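What you see is a predicted model, and the numbers here were worked out from it, not measured in a lab.
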Amino acid sequence: MNKVHEFAVRIVKPGRDEVFNRRRAAFIAKLKTQKGVLADREFESFFSLPTPDEQPVFIGMTTYDALATVNRVQMNPLVMMKFLPFFMTMQLKAYCFAEQTDGPELDLGSLAKSPGNILHIAVRRTAPGAQEAFAAAQARFLDRLLARDGVGPHHELRAVKGMGSVEGITVGLTTYENDEVMAAAYEALSEDEAFLAYTATFETLASQFARSVSND
């Protein structure tokens, strides 16, 4: 059985910050008690591409031991009783379950957890027939990005379940040691030919730079 990782990029509805936090804590507390739920983390976005977010954005990530566990948890009425009130406080920017395809094994419990770490969460959709061009352009860009001090590791995943069709949806997770490393990389590579060629191969669903926060 392959582990499955859930990615929920959530926009907090205006004026709902406090209730969002309270209902999230209640939902996550119930979720963590479910058999097969291996880890759950929360990240707060502070910068997004290609345009800034107008409302606060939080990214919830959960690791399950298998896709069958996801289906079982989603059918549990006790979990849904906590989720539905929480869902009313947000709008989903991107949402999927994904299996890892590349990079070191993803350990959600330790991901970007050291003081100062920044995590870039990129959810993108590649058009049918463009997967080879995407993979080649991504490899060129990552060679340049990951060669920089303080950048990495990078984990790559492919969506297997989500909102509607998940065809062509992938998720990339890149860790930066701190703000200075992230800013230097962005300044050096944002106009780089390899970066521009890479971003031309997909549609951005969510691209968030975020820091780990509590979900209690």
Side-chain angles (χ1 to χ4, degrees), residues 5-11 39-63 92-126 134-135 137-159 162 168-213 215:
H5 307 276
E6 179 180 12
F7 298 91
V9 183
R10 326 182 201 91
I11 304 170
D40 188 272
R41 295 281 303 283
E42 191 78 21
F43 290 82
E44 181 176 6
S45 177
F46 64 91
F47 179 64
S48 67
L49 293 172
T51 57
D53 293 308
E54 296 183 359
Q55 291 295 123
V57 171
F58 290 86
I59 304 97
M61 292 186 249
T62 309
T63 298
L92 288 173
K93 186 174 184 179
Y95 181 71
C96 69
F97 297 85
E99 293 180 349
Q100 187 169 0
T101 57
D102 201 7
E105 183 176 1
L106 175 57
D107 176 9
L108 184 58
S110 62
L111 179 67
K113 202 169 187 179
S114 296
N117 281 179
I118 292 170
L119 183 66
H120 180 212
I121 303 107
V123 185
R124 346 86 162 173
R125 186 190 298 273
T126 304
F134 167 80
Q138 183 187 56
R140 287 186 62 223
F141 171 65
L142 288 179
D143 280 346
R144 301 193 185 192
L145 178 63
L146 298 177
R148 301 185 63 86
D149 289 342
V151 180
H154 176 84
H155 308 276
E156 192 70 20
L157 304 96
R158 173 182 58 86
I169 293 181
T170 57
V171 180
L173 304 173
T174 308
T175 299
Y176 295 82
E177 185 176 347
N178 52 43
D179 293 78
E180 291 75 17
V181 168
M182 186 209 77
Y186 184 79
E187 182 177 359
L189 298 177
S190 61
E191 299 299 326
D192 187 278
E193 180 274 332
F195 173 73
L196 298 176
Y198 168 49
T199 55
T201 64
F202 60 83
E203 171 195 1
T204 297
L205 302 181
S207 181
Q208 315 292 145
F209 291 83
R211 298 184 178 92
S212 179
V213 294
N215 55 20

Is [Y] close to [X] at the side-chain level, that is, under 4.5 Å between some pair of heavy atoms?
X	Y	result
T204	L49	no
I118	T175	no
S212	L119	no
F134	R124	yes
F7	L173	yes

Return a table of donor-acceptor pairs under 3.5 angstrom between the side chains of residues 179-191 and protein atoms on other chains or two or more places apart.
{"unit_1": "D179", "atom_1": "OD1", "unit_2": "R211", "atom_2": "NH2", "d": "3.4"}
{"unit_1": "D179", "atom_1": "OD2", "unit_2": "R211", "atom_2": "NH2", "d": "2.5"}
{"unit_1": "S190", "atom_1": "OG", "unit_2": "Y186", "atom_2": "O", "d": "2.9"}

**Q.** Verdict with supporting geometry, K93 and Q55, side chain to side chain contact (heavy atoms under 4.5 Å, CB included)
**A.** CA-CA 11 Å; K93 186 174 184 179; Q55 291 295 123; over 6 Å; no

Q.
I'd like to know whether H5 forms a side chain to side chain contact (heavy atoms under 4.5 Å, CB included) with H155, so could you lay out the CA-CA distance, the side-chain angles of the two residues, the decisive distance to 0.1 Å, and finally the verdict.
A. CA-CA 12 Å; H5 307 276; H155 308 276; over 6 Å; no

(Q) Restricting to side-chain hydrogen bond (donor to acceptor under 3.5 Å, both in side chains), what partner residues turn up for T126, sequence neighbours left out? (A)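 T126: no side-chain hydrogen bond (donor to acceptor under 3.5 Å, both in side chains) contacts found.
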
**Q.** From CA spacing to verdict: side chain to side chain contact (heavy atoms under 4.5 Å, CB included), C96, V171
**A.** CA-CA 9 Å; C96 69; V171 180; 3.7 Å; yes

Nearest 0.5 Å, what's the [atom1]-[atom2] distance between [X] and [Y]?
X	Y	atom1	atom2	value
L92	L205	CG	CG	12.5 Å
L108	K113	CG	NZ	9.0 Å
L157	T101	CG	OG1	6.0 Å
R140	D192	CZ	CG	8.0 Å
I169	R158	CD1	CZ	11.5 Å
L142	H154	CG	NE2	4.5 Å

Q) Which word best sums up how the rings of F97 and Y95 line up, parallel for under 30°, tilted for 30 to 60°, or perpendicular for over 60°? A) perpendicular

Q: Using the six-membered ring wherever Trp is involved, compare the ring planes of F141 and Y198 and label them parallel, tilted or perpendicular (cut-offs 30° and 60°).
A: parallel

For the residue pair [X] and [Y], what are the closest heavy atoms and their distance?
X	Y	value
A94	A206	CB-CB, 3.9 Å
R10	G60	NH2-CA, 3.2 Å
A39	G109	CB-N, 4.3 Å

Q: Check whether more than 12 heavy atoms from other residues, nucleotides or ligands sit under 6.0 Å from atom CG of D143, and answer yes or no.
A: yes

Q. Quick check: does any side chain N or O of N178 sit under 3.5 Å from a backbone N or O of N117, one acting as donor and the other as acceptor?
A.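 Absent.
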
Q) Has the side chain of R41 got a donor or acceptor atom that lies under 3.5 Å from a matching backbone atom of L111? A) yes

Q | Candidate pair D53 and Q208, rule side chain to side chain contact (heavy atoms under 4.5 Å, CB included), full reasoning | A | CA-CA 9 Å; D53 293 308; Q208 315 292 145; 3.0 Å; yes

